[in-house]
There are 2 protein chains.
Amino acid sequence: MAALAGVSQSAVSRAFTPGSSIAEAKRQRILEAARRLNYVPNSIASSLTTKRTNIVAVILGNLANPFYVEVLRTFIARLQAQGRQILTFTVDNGADSDEAILRVLRYQVDGVILTSAQLSTRMTSICHDRGIPIVLFNRYIPGSDASGVRCDNTGGGRLMAEAFLAAGARSFAMIKGDPKGTTSQDRVRGFTERLIEAGIARADIGEIEGQSTYDGAFNAVLGAYRRKPERLPDAIFGINDIMAMGAMDALRQRMGLKIPDDVMIGGFDDIPESRRHPYQLTTVRQPVGLMVDEALSILHLDEPAQPIEMGIDRQVPGRLIWRSTIPTPTASSED
Amino acid sequence: MAALAGVSQSAVSRAFTPGSSIAEAKRQRILEAARRLNYVPNSIASSLTTKRTNIVAVILGNLANPFYVEVLRTFIARLQAQGRQILTFTVDNGADSDEAILRVLRYQVDGVILTSAQLSTRMTSICHDRGIPIVLFNRYIPGSDASGVRCDNTGGGRLMAEAFLAAGARSFAMIKGDPKGTTSQDRVRGFTERLIEAGIARADIGEIEGQSTYDGAFNAVLGAYRRKPERLPDAIFGINDIMAMGAMDALRQRMGLKIPDDVMIGGFDDIPESRRHPYQLTTVRQPVGLMVDEALSILHLDEPAQPIEMGIDRQVPGRLIWRSTIPTPTASSED
DNA sequence: GTGAAAGCGCTAACAA
DNA sequence: TTGTTAGCGCTTTCAC
C-alpha cells in the first residue's frame with residue numbers, strides 16, 4: 001500500500017491513526033489512495049506491536065435463556081459503539097470455562113466477560129498475569145479474586161417473598177436453577193429467609209429442580225403436582241422468568257389452573273417475553289444496561305495501564321415489577 | 001518462552017502445531033514447560049505469517065427475533081467445534097453492512113456470514129478480492145454475486161396457503177416484515193400466488209406491516225381490526241413466527257377472539273417458542289442446522305486455496321408443522 | 001528432527 | 001511533519 005501510494009509505511013499508519021501528527025493534506029491523499037486500492041489496515045498486525053487487539057471475549061452459557069440473549073445484545077451494542085469487536089463463546093451451562101479462556105487468550109483479547117460458567121483460580125491468575133482483566137457477569141465465585149457484577153439476588157428473592165406474603169400466600173415452592181450456581185442459591189436463600197422471618201414454617205416452603213430451562217420447569221411442575229394437586233402451594237417462585245413461564249404453561253394448560261386465582265407465580269429477570277399477554281409475569285427486574293455498564297467499567301478497557309481491579313463484587317438492586325401473576329394488595333404499578 | 005525452556009523458537013512452534021515434524025519427547029518437554037510457565041501461543045502473531053486467523057465473522061440483524069438467536073447459536077456451536085472463533089456483529093435490521101464488513105476485514109477473518117443486512121456490491125468485491133468468502137444467510141441479493149443459503153421461502157408461503165385452504169379459509173391477510181427484504185417478499189409472493197391459483201380474489205388477500213417484530217405485529221393487528229372486526233379475514237399468515245405470536249396475543253387477549261375458531265393463524269420459522277402451549281403455532285419449519293451446514297460448506301473454510309464460490313443461491317425446502325392454530329382437515333402430525 | 005534467519009504488516013522510537 | 005529503523009511473536013524455508 002505504502003509503495004503504491006508513493007508514501008512511507010509510517011505515513012499510512014499515521015493516516016489511519018486518529019490524532020497522530022500528519023499533515024491533513026497528506027492524510028487525505030492517503031485515505032483517497034486507500035479507497036481506490038480497497039486497502040484496509042490490518043488490525044492483527046498492528047496489535048502485534050500495540051499489544052491491544054480491541055477484541056473483548058464474551059463467554060456465555062446456553063442462549064436458550066432469553067435473559068442471556070439480552071445480556072449479549074447489550075454487550076455487543078456497547079462494545080461495538082466503542083469500536084471494539086466481540087469474540088463470542090458458548091460453554092455448556094455451568095461447565096468450566098478453562099478451554100474457552102485458553103482459546104480467547106491466544107487471541108490476546110483485551111478483556112474477558114464471563115457468564116454462566118465456572119472459573120478456575122488457575123485461569124483467573126493466568127489472565128491476571130498477562131494483564132487481561134476478567135469480569136464475572138451475574139455470577140459470584142467464592143474465594144476467587146476475579147471481579148464481578150451481579151444483581152442483588154438475595155434481595156431480589158426477598159422482594160418476591162414479600163410480594164407473595166402481601167398477597168396472602170402461606171405456602172410456597174421454588175423452582176430452582178443450576179444447584180451449583182450462586183445465582184440460583186442466593187435467590188432461593190433470600191426468598192426462604194424472608195418467609196421464615198414472616199413466620200412461615202420450613203415445611204411450607206418446597207423446592208423443585210427446573211434446570212434453568214422452560215422445559216425443565218414445565219416437566220418439574222407436572223411431576224411434582226399433577227398427580228398430587230393437594231400439594232400445590234399458594235405461590236410458586238420461578239428462580240428465573242423462563243422457568244416461571246414453563247411453570248405457568250404447565251399449570252394452566254396441563255392442569256387447568258388459574259393464575260393467580262389458584263396459584264400465584266413470580267419470576268426473576270424480566271425478560272421481554274414476561275410482559276407479553278400470555279404471561280404478564282410479576283417478576284424482579286435485573287437492570288441489564290446498568291449491569292453491563294458496571295461490568296465494562298470494571299474492565300476499564302480505556303486505561304489498560306491501570307492495574308486490574310480484583311475482588312470487586314458489585315451488586316446492583318433488582319426491582320419488583322408488578323404484573324398479573326400475583327394479586328396486587330393495593331395499587332399496581334406497571335412500569 | 002523458547003529461551004526459558006532452552007529450545008529454539010521453531011521447536012516451540014512445532015510443539016504446538018499438530019502434525020509437524022518434531023520428536024515426541026521434545027514436544028512433551030515443551031508442552032510441559034509451557035504449562036509451567038503459563039505460556040499460551042499467540043494466534044495473532046501466527047496468523048500474520050499463516051494468513052489464517054481461524055476467525056469467522058457473523059453479522060446479524062437484531063437479536064430480538066429468536067430465530068436469529070437460534071441461527072447464531074448454531075453457527076457458534078459448529079464453528080467452535082471446528083476450533084474456530086466467532087466475531088459477532090449486529091447491524092440494524094436491513095441496514096447496510098458496509099461498516100461492519102470493513103471492520104471485520106481489518107481482523108482478517110477467514111469468512112463472513114451475513115444475515116438480515118444489505119450487502120453492497122462494492123463490499124462483495126472487496127471481500128472477494130482479498131480472498132475472503134462471504135455467505136448470505138436467509139437472504140438473497142438480486143444482482144449480487146455473493147453466494148447464499150436460504151429457505152425456499154416462496155415454496156413455504158405456498159405450503160401455508162395450502163394449509164389454510166385445506167382448512168376452508170376463503171379470506172386472508174399477511175403480516176409482512178421488512179418490505180425491502182427478499183425473505184418477506186418471497187413468502188408473501190408464494191402465499192399469494194397459491195391463493196390466486198385456488199381462485200381467491202385479490203381483494204380477499206390483505207396485507208399489513210408488522211415490522212418483523214412481536215410488538216409491530218401486535219399493534220398492526222390491533223390497528224387493522226380492532227375497530228373494524230368485520231374486516232377480519234378467515235386466516236392470517238405471519239411472515240415469521242414472532243409476528244404470528246404478536247398477532248395471536250392481540251387477537252385473543254385484546255379482541256377476545258378464539259384461534260383457530262374465529263381466525264386461523266400461520267407462521268414461519270418454527271422457533272422454539274412456537275411449540276409452547278400458549279401458541280402451538282402451525283408454521284413452516286426452517287431447517288436451521290441444515291442451512292448452517294450449507295452455509296459453512298459454501299465458505300469451505302478448510303480449503304482456503306479453493307476459489308471462492310460465487311453466485312450460488314442454495315435453497316432448502318421448509319416443512320409445514322401442523323399444530324393447533326389451523327384446524328387439521330384430516331390427521332394431524334406434530335413433528 | 002532441528003536451529004538460524006528472514007519476514008508477515010504494522011507501530012514506535014529516533015533523527016532529520 | 002516526515003522517513004528510517006527496529007522489532008512485535010510467530011511460521012517457514014533452508015541447511016544441517
Side-chain angles (χ1 to χ4, degrees), chain A residues 1-31 33-34 37-55 83 85 102-110 126 129-132 304-305, chain B residues 1-31 33-34 37-55 83 85 102-110 126 129-132 304-305:
Chain A
M1 158 71 193
L4 290 173
V7 293
S8 75
Q9 183 66 248
S10 338
V12 178
S13 173
R14 289 178 184 123
F16 280 96
T17 308
S20 60
S21 63
I22 183 177
E24 191 50 33
K26 179 165 230 162
R27 156 170 284 149
Q28 288 309 328
R29 196 151 52 78
I30 294 174
L31 259 28
L37 300 167
N38 280 345
Y39 167 83
V40 177
N42 183 334
S43 298
I44 293 292
S46 78
S47 62
L48 205 52
T49 24
T50 59
K51 265 92 175 70
R52 290 249 101 192
T53 52
N54 283 317
I55 297 177
Q85 331 306 126
L102 248 12
R103 272 170 72 170
V104 300
L105 284 186
R106 290 191 175 210
Y107 286 85
Q108 317 297 112
V109 296
D110 292 344
I126 291 187
D129 289 352
R130 322 182 120 226
I132 297 177
Chain B
M1 157 71 191
L4 291 173
V7 292
S8 75
Q9 184 65 250
S10 337
V12 178
S13 173
R14 288 178 184 123
F16 280 94
T17 308
S20 60
S21 64
I22 182 175
E24 191 50 34
K26 179 163 232 164
R27 158 170 283 148
Q28 288 309 329
R29 194 151 53 79
I30 293 175
L31 258 26
L37 299 168
N38 280 344
Y39 168 82
V40 177
N42 183 335
S43 299
I44 293 293
S46 77
S47 62
L48 205 52
T49 23
T50 59
K51 264 90 175 74
R52 290 249 101 192
T53 52
N54 283 316
I55 297 176
Q85 330 306 125
L102 248 11
R103 271 171 71 170
V104 301
L105 283 186
R106 292 192 174 207
Y107 286 85
Q108 316 295 111
V109 296
D110 292 343
I126 290 187
D129 289 354
R130 321 182 121 227
I132 298 176

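Keep in mind that what you see is a predicted model, and the values were worked out from it rather than measured. Residue numbers begin at 1 in each chain, while the letters A, B, ... track the order of the sequences.
Between the side chain of R106(B) and the backbone N or O of P41(A) there is no donor-acceptor pair closer than 3.5 Å. Of the possible polar contacts, one joining the T53(A) side chain to the Q108(A) backbone as a donor-acceptor pair under 3.5 Å is found. Counting only distance, with no hydrogens or angles, the side chain of S20(B) and the backbone of R14(B) share a donor-acceptor pair below 3.5 Å.
When the side-chain nitrogen and oxygen atoms of K51(B) are compared with OP1 and OP2 of dC10(D), none of them lie within a distance under 4.0 Å. Residue Y39(A) has a polar side-chain atom (N or O) positioned under 4.0 Å from OP1 or OP2 of dC10(C). Residue T49(B) has no polar side-chain atom (N or O) positioned under 4.0 Å from OP1 or OP2 of dT11(D).
Heavy atoms of T50(A) sit under 4.0 angstrom from primed sugar atoms or phosphate atoms, though from no base atom. Among the protein residues, S10(A) comes within range of the nucleic acid bases, having at least one heavy atom under 4.0 Å from a base atom. Within the 4.0 angstrom heavy-atom criterion, no nucleotide atom of any strand lies near F16(A). At a threshold of 4.0 angstrom between heavy atoms, the contacts of S21(A) include nucleobase atoms, whether or not backbone atoms are also involved.
The distance from atom CD1 of I30(A) to atom C1' of dG3(D) is 12 Å, rounded to the nearest whole Å. In this structure, CD of Q9(B) is placed 11 Å from P of dC8(D), rounded to the nearest angstrom. Nucleotide dT11(C) holds its P atom 13 Å from the CD1 atom of I44(A), rounded to whole Å. As rounded to whole Å, 13 Å separates atom P of dA12(C) from atom CZ of R52(A). When rounded to the nearest whole Å, the span between CD of E24(B) and C1' of dT2(C) equals 16 Å. One can place CD1 of I22(B) at 12 Å from P of dT11(D), the figure rounded to the nearest angstrom. The interatomic distance linking N42(B) (CG) with dG9(D) (P) rounds to 7 Å, in whole Å. As rounded to whole Å, 15 Å separates atom P of dG9(C) from atom CG of L105(B).
Listed nucleotides dG1(C), dG3(C), dC10(D) differ in distance to P41(B); the shortest reach to its side chain belongs to dC10(D).
Between A11(A) and T17(B), the residue whose closest nucleotide on DNA chain D is further toward the 5' end is A11(A). When the nearest nucleotides of DNA chain C are assigned to V7(B) and L48(B) by heavy-atom distance, the more 5′-ward of the two goes with V7(B).
The shortest non-hydrogen separation linking K26(B) to V7(B) is CE-CG1, 3.9 Å. The shortest non-hydrogen separation linking S47(A) to I44(A) is OG-O, 2.8 Å.
Residue R14(B) places a side-chain atom within donor-acceptor reach of the base of dG3(C), judged by atom type and a 3.5 Å distance cut-off alone.
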